[in-house]
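Heads up, the thing below is written out as C-alpha cells.
Side chains are part of it too, since the values below use all heavy atoms of this structure and drop only hydrogens, waters and symmetry mates.
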Amino acid sequence: MVASLPVARVALPIPIHELFDYSIPDTLLDRVAPGVRVRVPMGRSMRIGTCIERAASSPHGDLKPIDAVVDDQPILDPDLLEFARWTANYYFASVGEVIECAVPRGARAKAKTVPWVRLLDAEAEDRGAGRENRARLVALLREHGRLPLEELVARANTTRAPVKTLEKRGVVELFDAPELNRIDESLFDNDEPVREFSLSAAQHGAVDRIVEAIRGDRFESFLLHGVTGSGKTEVYMHAIEAALAKDRGALMLLPEIALTPQTVRRFRARFGDVAVLHSLLPAGERSKQYRKLRDRSARVAIGARSAIFAPIPDLGLIVVDECHETSYKQENSPRYHARDLAVVRASRGNVPCVLGSATPSMESLHNARSGRFHYLELPDRVTGHPLPTIELVDLRKEPFETEGPASVFSDRLLALLHETINDGDQALLFLNRRGFARQVYCSRCAYSVECAACDIPLTYHKHSDRGLCHYCGTIERIPDKCPECDFPGITRRRHGTERIEESLAARFPNVAIDRLDRDTATSAGRLEAILDRFRRGETRILVGTQMIAKGHDIPGVTLVGVLDADIALQQPDFRAAERTGQLLCQVAGRAGRGERPGRVVIQTRQPDHYAIQAALTQDLSGIYEEETPTRQLLAYPPFGHLIRIVCEDARDDRAISSAHELARRLTVDATTRVLGPAPAPLAKLRGRYRYHILIKGAERAGVQAALRSTNVLKPQWSTTRVTVDVDPQSIS
Ligand code: ADP
Ligand code: ZN
C-alpha cells in the first residue's frame, strides 16, 4: 500500500545530486505518487520538485511536509522516470535538472511579451522626408500582417523612429504579444499534398530492415547514411507508418534549425496531428503538445533535443535526423547528448532506433563498423538536382602578402565572383573564424605547431610568448621559422569577417554585400532579417561564419567560397579534421539548390590534407581511416572516452589551485589518464578564469570511476564553480 509509505523522495531542479525527503500530510497521501510534481519548502522559499519514489521512513529526522501537489496524473511514467535517473547518473547531473529538461514548465512560467506592430490602414500617399523607410515598413506589414517591432525594424533595415511616425499617423499600431515563437501553429495548417512515388531500391532495402525490427519488437540501431536529397526522410516516414500500424508511437528528433513549418507540414500531411516539441514554444503550448501525446490523440512527436524525454505511450520507434549535429549535445547541465540517449532509450524500450546523416560522426561510423549499428546506405540523390562541382584553390600559389586581407581572395575566386554577379546569381562566402585563441601557424604553408603528446595545435599565449597545448598544459617555444617550409613568418593572427566584408566592398562597389556572424546577428530577429534580405535576392554576396553553413536553402546561390579551410583544421580540438570535413560538405550543399548547378571553391594551403580531399570527393570515409591510428593510440573517441571538468573562478589563482587540487584527488586505473589542469581554450569567460582537466581512457567504466573517485562538486575554494561534461563534444 502506497499510503503506508508516508515519505516522499523528491528531486529538485538544483545541482545537488541527492533526493530530498519530505513527509506526506494525510490529506495528500493518495495524491503523491512517483512522477507527480509537488511543491515543497526549501530554505525560506517554496520549490517545485518531482516525487521520485515513496518510502516508509527516512534516515533524516524531522522532515518538513509537502505543501501541495501540482499534478493529478504523473507527468512522467515509471519508464521515463527511470530513464531520467539513468541520464542524471551518467551525465553527472541531478535528477531534478534532467526532469526540468524533460517536462514543460506548465502554466507557471509566463511567456515573455515583446512589442509587435500591426498594419491598421496603409496611407494613400506619403510625400514627407524618410518616406522610403516608411514604405518599406508598410510593405513588410502588408506581406506579414504583423511582426515583432525588433524584427520589423531589422528587416526594413531602419530604426524605430519611422515606426513611431507611422503610429502617430494611425497607419500602424503597437501592441504587446508573446515573443515570436518560430513554430506558430497557424503556419502548419496549409495542406501539403501527400506525394506518391515508389521508393528506390536503396530506400526499399532500408525500410525493410527497419520495419523488420519494428515488427519483431527488437532493439536495433541503424545508421542511415545518405546525402541531402537521397530520400532519408521518406525512409523515416515509412518506418513511422510501420510503427503506427502496430499501434505504437514514434519519436523523431531533428536539429532545432530544421524544425521548420515546412517540415512540420510534411509530417502532418502524412500522419495527421503530430505533436511538435520545441524549446521555443511558450510553456502553455508545450504542455498542450505533451497532453496530446499522453492522451494518445497524437502518436507521432517531432522535436529538437529535449524531445528525447517526450512522453509517448507504447513508443515503437526513435529516429534521429542529422545525427551528426552538435546541437544534440546540451551545453549546460544536464550535458546530455540526445543522439546517445536515443540509443539508450530505444534499448531500454526494446524498439529500433534510426540515426540518419549525410556526414555521420566518427562515433556513429565506428558503431556501424563494429557491428553495433546496422549500416544502411542511400548512395544516390532521388531529386534531380546534381551535386555541385567542387574545386580547390592552393593559396600557396597565390601572390603572397604578409599583411592585409588581399591574399584572402584568390584570382580564381574573384573571377567566379564576378561571373556569378554578372549572371544575376548570388554567392556565399564562408570564413570560419571561431578560433578561441590565436593559432600558431605558418602563413605560407599553414604548418601548425602541435603538442606531440596530444596531437593538438598549440595556441599562442601572449604572456609567455609561447605556444600552449590546451589539453595537457604543455608550453613550448615557437620556432622562428617554419620547420616545414623554412618561411620565417610564423603568424599568430587571422583575418576577420569584418575586414573581409570591407575589402569585398572595395572590389565590388555597386554590389549589395552583407555579413552574418555573431556581431551582426545579435538576435533571432536580426539573423532572420539578414537571411531574409539574402533570400529575397537583395543581398548578392553574403559573408559569414559557420552560422551560414547549415540548413539555409537559397535557390539563387550558385557559388560558395570557403575562404580559408585551414582555420577549421587548426582548431585545438581532436575532432578538428572530422569537423572540417563535415562542415565543408555542408557548406558545399548550400550551392546550387535551385535550377542552376552550383560551384564550390575551397581555398586552402593544405590541398592534400585528407579532410580537404574528403570534402573534394564528398566522401568522408577517408577521414575515418586517416584518424583511426592516432585516435586509437591516444584513446580519443570513438576509441576511448573523455570526461572534462572545468573550474571557473573570478580569481585566477583560486581557479588554478581548485583545479590542481581536484586533479590530485582523482584516482585512476591503468586504462585511464588525467590530463591537465590546463587553461581552457576560452581562458576567461564572463569575468571568470577557466581551467580544465580531461579524464581520458580506453574504457568507459574507467573514466566514470575516476570521476566518481572524488567529490568534484566541492572544490578547494567555495567560490570556484565546477562543471562536469561527460563525452564532451566541444572543448572550449
Ligand atoms: P533527405 O531527407 O535525404 O534530404 P527526402 O526524403 O526529403 O531526402 O527526399 C528529398 C525529396 O525527394 C523530397 O521532396 C521527397 O518527397 C522526394 N523523394 C523521396 N523519395 C523519392 C522517390 N523514391 N522518388 C521520387 N521522389 C522522392
Ligand atoms: Zn598536450
Give a yes or no on whether the ring-centroid distance for Tyr91 and His337 is below 6.0 angstrom. no
Would you tell me whether [X] and [Y] have side-chain atoms, one donor and one acceptor, within less than 3.5 Å of each other?
X      : Y      : answer
Asp340 : Tyr90  : no
His324 : Ser364 : no
Gln426 : Arg535 : no
Glu699 : Thr671 : no
Tyr610 : Glu627 : yes
Gln330 : Asn332 : yes
Tyr691 : Asp652 : yes
Asp619 : Ser621 : yes

Within the structure provided, determine whether [X] and [Y] are in side-chain contact (heavy-atom separation under 4.5 Å).
X      : Y      : answer
Glu325 : Arg305 : no
Arg690 : Pro681 : no
Val601 : Val560 : no
Ile643 : Leu694 : no
Leu584 : Ile612 : yes
Gln582 : Ile623 : no
Val600 : Thr389 : no
Phe430 : Leu563 : no

Where does the angle between the aromatic ring planes of His225 and Tyr375 fall among parallel (under 30°), tilted (30 to 60°) and perpendicular (over 60°)? perpendicular
Pick one: which of Leu559, Thr420, Asp514, Leu417 meets side-chain contact (heavy atoms from CB on, under 4.5 Å) with Ile541? Leu417
Nearest 0.5 Å please: distance from the [atom1] atom of [X] over to the [atom2] atom of [Y].
X      : Y      : atom1 : atom2 : result
Leu458 : Thr474 : CG    : OG1   : 8.5 Å
Ser410 : Ile602 : OG    : CD1   : 12.0 Å
Leu642 : Phe574 : CG    : CZ    : 5.0 Å

If I compare all heavy atoms of [X] with all of [Y], which pair ends up nearest, and what's the gap?
X      : Y      : answer
Lys232 : Gly226 : NZ-O, 2.8 Å
Arg654 : Thr720 : O-OG1, 3.8 Å
Leu413 : Gly561 : CD1-CA, 4.2 Å
Leu616 : Ile390 : CD1-O, 3.5 Å

Would [X] and [Y] pass as an ion pair if we require N to O under 4.0 Å?
X      : Y      : value
Glu419 : Arg599 : yes
Arg631 : Glu578 : yes
Glu322 : Arg339 : no
Arg396 : Asp394 : yes
Glu391 : Arg412 : yes

Carefully, step by step, assess Thr604 and His609 under the rule side-chain hydrogen bond (donor to acceptor under 3.5 Å, both in side chains). CA-CA 9 Å; Thr604 174; His609 192 289; over 6 Å; no
Apply side-chain contact (heavy atoms from CB on, under 4.5 Å) to the pair Asp425 and Val557, showing each step before the final yes or no. CA-CA 6 Å; Asp425 291 334; Val557 175; over 6 Å; no
Does CZ in Arg673 sit with more than 12 non-hydrogen atoms of other residues, nucleotides or ligands closer than 6.0 Å? no
Check whether more than 12 heavy atoms from other residues, nucleotides or ligands sit under 6.0 Å from atom CZ of Arg372, and answer yes or no. no
Look at the side chain of Asp669 and the backbone N and O of Thr672, then say whether any donor-acceptor pair between them is shorter than 3.5 Å. yes
Geometric cation-pi criterion Lys696 and Tyr636, 6.0 Å radius, 45° cone: yes
So, is the end of the Arg369 side chain (NZ or CZ) under 6.0 Å from the ring centre of Tyr624 and within 45° of the ring's axis? yes
CA sep, side-chain torsions, deciding dist, call: Cys442, Ser448, side-chain contact (heavy atoms from CB on, under 4.5 Å): CA-CA 6 Å; Cys442 169; Ser448 67; over 6 Å; no
